[in-house]
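First comes the structure, then the notes that go with it.
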Amino acid sequence: MNEEIAKSYDQSKESEIYQIWESSGYFNPDNLSGKPYTIIMPPPNATGTLHIGHTFEHTIQDIAIRFARMRGRKALWLPGTDHAAIATNTKVEKILIKETGQNRHQIGREKFIKKVEEFVQGSRGTIQNQLRVIGDSADWSREAFTMDEERTLAVRTAFKNMFDAGLVYRGIRVINWDPKGQTAVSDDEVVYKPEQGKLYYFKYSTDFPITIATTRPETKLGDAAVAVNPEDSRYKQFVGKEYEVGFMGNKLKIRIVADETVDPKFGTGAVGVTPAHSITDYEIAQRHKLPTIQIINEYGKMMDNTQSLAGKKTKDAREEVVAWLKENNLLEKIEDVELNITTAERSGGIIEPLPKLQWFIDVNKKFPIKHSELKNIETGQEVTLKELMRSVVSSGEIQILPEREEKKYFHWIDNLRDWNISRQLWYGHRIPVWYRNDEIYCGLEAPGGSNWRQDEDTLDTWFSSALWTFTTLGWPKKTSDLQTFHPTQFMSPGYEILFPWVARMILMSTFHLGQIPFEIAYIHGIVRNKDGQKFSKSLDNGIDPVDIVTKYGADALRMALVVGVGTGNDVKYDEMKVKGYRNFANKIWNAARFVYNNAPQPPLYQSGGDRTPVLSGELLPRDQKIIDELRELVTRITEQMEKYDFAHASEDLYHYFWHTFADKIIEEAKPKLADETTKASAQIMLMTSLETLLKLLHPFMPFVTETIWQLNHKDLLMIRQWPNEVVVSSK
RNA sequence: GGACGCUUAGCUCAGCUGGUUAGAGCGUCUCGUUUACACCGAGAAGGUCAAAGGUUCGAAUCCUUUAGCGUCCACCA
């Protein structure tokens, strides 16, 4: 009897197991053979530590990659971190102000960047260690960072390729300006918040024929037109006319234009058009060739051209305009309305739409695709980026799971505007464009000659992370990694980044490589606390996964985040659930202890050549039946795994192990083991069952299963063959 | 304003293309110190499957409507 097997499973030894895996070299696919299977890790932000949501995301990926590895695939899970420009920029500046009282402008661009890089270095290390704790079987030798040298070259190459194709352009557009963060943000980085507001009904002047309604009277100094619906009989007579009005000491030229976007039922059915300070108004202005008159600056203050309002904050200016309207009897009424204010997702600042010179990616321009390995798209075919994005999903080349996310994806493309990729931040990839007088140069390096001045702006973080599936593999160099591992197979992002990231990866990969970035986008939900609240810094209800792992073990936490959680659904995190799976780990441990302690001596597996069981013999019919049923389980679990249905696979395994194997099979085997005529068969049956179950459980609970495996084997369970069928050694 | 999802035992959730007395885990209650495990075992209670109507021999499962909760998109000037 093997006396030294402990009475309960000790999860504190998990780190030793991780050490064994890592030093074995099998996280690195160079040491594996077979058909490649690739997962590129969604890079966690380099802003700091990981939360339980990361554990959820990584558990899904680790299950997928371990399953692939056991099925004999050349499995690569490539880890990395994201520089997260806005987030990191903000965070480090906060720390800087706290520590030194100086902001980034006071210490200067160069010093600030250095500060950020030091910070990032530290948090990358922290993140990597946390990922080891939860068991990520990632290939650390290929670890990448969105801002390292290789990725910088890739980003510049990507920019240049798109620039040369005419898809990247620079122009003045009304964009979402964040006065707080002092940068432009894209449409996907703004959040609408409902707020009580007022709707003011007024005329510009007594001699103006139409009353308009607005929630922002202070912007009316920038009006160029009044738009009405072309079908609106009230206003038809005025369309095309132009009026000059005096408005708070300013002269405004107001033309009456007909535009279908105007809702005749809202307000007075007439809209004051402010081209410079509203994206929709700007679009109306484009259609009717109206001038763009900017009256608010980058700091959210009224500009000099507003005369008496110059230098005032918009809020104060609004009060003055309203007061002026009242004094002049122009204000007809004020209504309370509910409105959405637009805020910047990161900084929380209220967005001020402004006309700005920015860089954009044109999603509607036709271009001949240089190279295509895509279905339905020939090399050289004229396509738009939108068409590319749509095509690869509708063709089924990329599958977005769950299906409802696919609908959201198509809908997003339908509403997509050109992507603003420039940011007025310091930390990030600098735009690879240089200027000299009237010359403009786009390249990978600064051009020769003097007086060239590089563009001040940096790129949207999502520009570089959109390249992630292939820059991590060495692109633009034609590396063997790129050849071997791209397109990748599986990607598991949260639904909150379906648009900014998943969609953009598809855009970039199809454009630059003519390949899909991944076959499956398995969109997961978020982890909430047991009351259904989000974990957030502001609520201060965060949970450190490392603490949970210390208390219950990584396997327990992984199971708690997977069992019964349907694809794409949110998880309610409950510590009791983790505790339950800690108990399960112990159950597995003890069942194994029983089986091993009842195995014959000498040990079942000889040292060195542990593939050959010493034990062999005929199975009695009763035991054979158990093995047959186990075979059905193997088939079912395998099918579920292939469908990425981890929720049911894990639940079924849990149930079978505990309530069939432990409660029934082991219990019923006890008398068999006591009887010499049935003992040998029972031993084979138990051993076969246990080890098959360990294999099936390994992707979900890698630590406990490997620890048990190590009691009796010289090789690693991690790379053992997934049971295609249950093989019983009998003569 | 559009689109989608959810509503099944106290709690968290399964129930696929409709078919025997609706399932699991946790929790609760009762019993149990049987040599793998008390991080355990045996057993029990607990649901008019949100509501109404319809299709059908038969519906938690399909259709319609309603209510509540949630999410995404658009953005109303």
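Proteins get letters first, then strands, A, B, ... in listed order; numbering begins at 1 in each. Computed over heavy atoms, backbone and side chain alike; hydrogens, waters and symmetry mates excluded.
Looking at A:E667, its side chain has no donor and acceptor atom pair within 3.5 Å of the base of B:A42.
A:D663 comes within 4.0 angstrom of the backbone, heavy atoms only, and of no base.
One atom, CG of A:D570, and another, C1' of B:G70, lie 9 Å apart when rounded to the nearest Å.
Legend: residues meeting side chain to side chain donor-acceptor pair (under 3.5 Å) with A:E260, ordered by chain and number and at least two apart, are absent. Listed by chain and residue number, A:D62 satisfy the salt bridge (Lys or Arg N to Asp or Glu O under 4.0 Å) test with A:R558 (two or more places apart in sequence, or in another chain).
Partner of A:E575 under the salt bridge (charged side-chain N to carboxylate O under 4.0 Å, His left out) criterion, chosen from A:K530, A:K551, A:R582: A:K551. The side-chain contact (heavy atoms from CB on, under 4.5 Å) test with A:F208 is passed by exactly one of A:L330, A:I256, A:L252: A:I256. Each of A:Y9, A:W589, A:F700, A:Y654 was compared with A:F584 under the ring-ring contact (aromatic ring centres under 6.0 Å, His included) criterion, and only A:Y654 meets it.
One finds a salt bridge joining A:R504 and A:D188 here, because a Lys/Arg side-chain nitrogen approaches an Asp/Glu carboxylate oxygen to under 4.0 Å.
A residue-by-residue look at A:N583 and A:L199 shows that A:N583 has its nearest nucleotide of RNA chain B further toward the 5' end. Heavy-atom nearest nucleotides on RNA chain B were determined for A:P264 and for A:G564, and the one closer to the 5' end corresponds to A:G564.
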*asked:* Please convert RNA chain B into dot-bracket. A pair counts if it is Watson-Crick or G-U wobble with both distances under 3.5 Å; crossing pairs go in [ ] and bases paired with another strand get |.
replied: (((((((..((((.....[...)))).(((((.......))))).....(((((..]....))))))))))))....
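Taking only side-chain nitrogens and oxygens, A:R417 comes nearer than 4.0 Å to OP1 or OP2 of B:C75.
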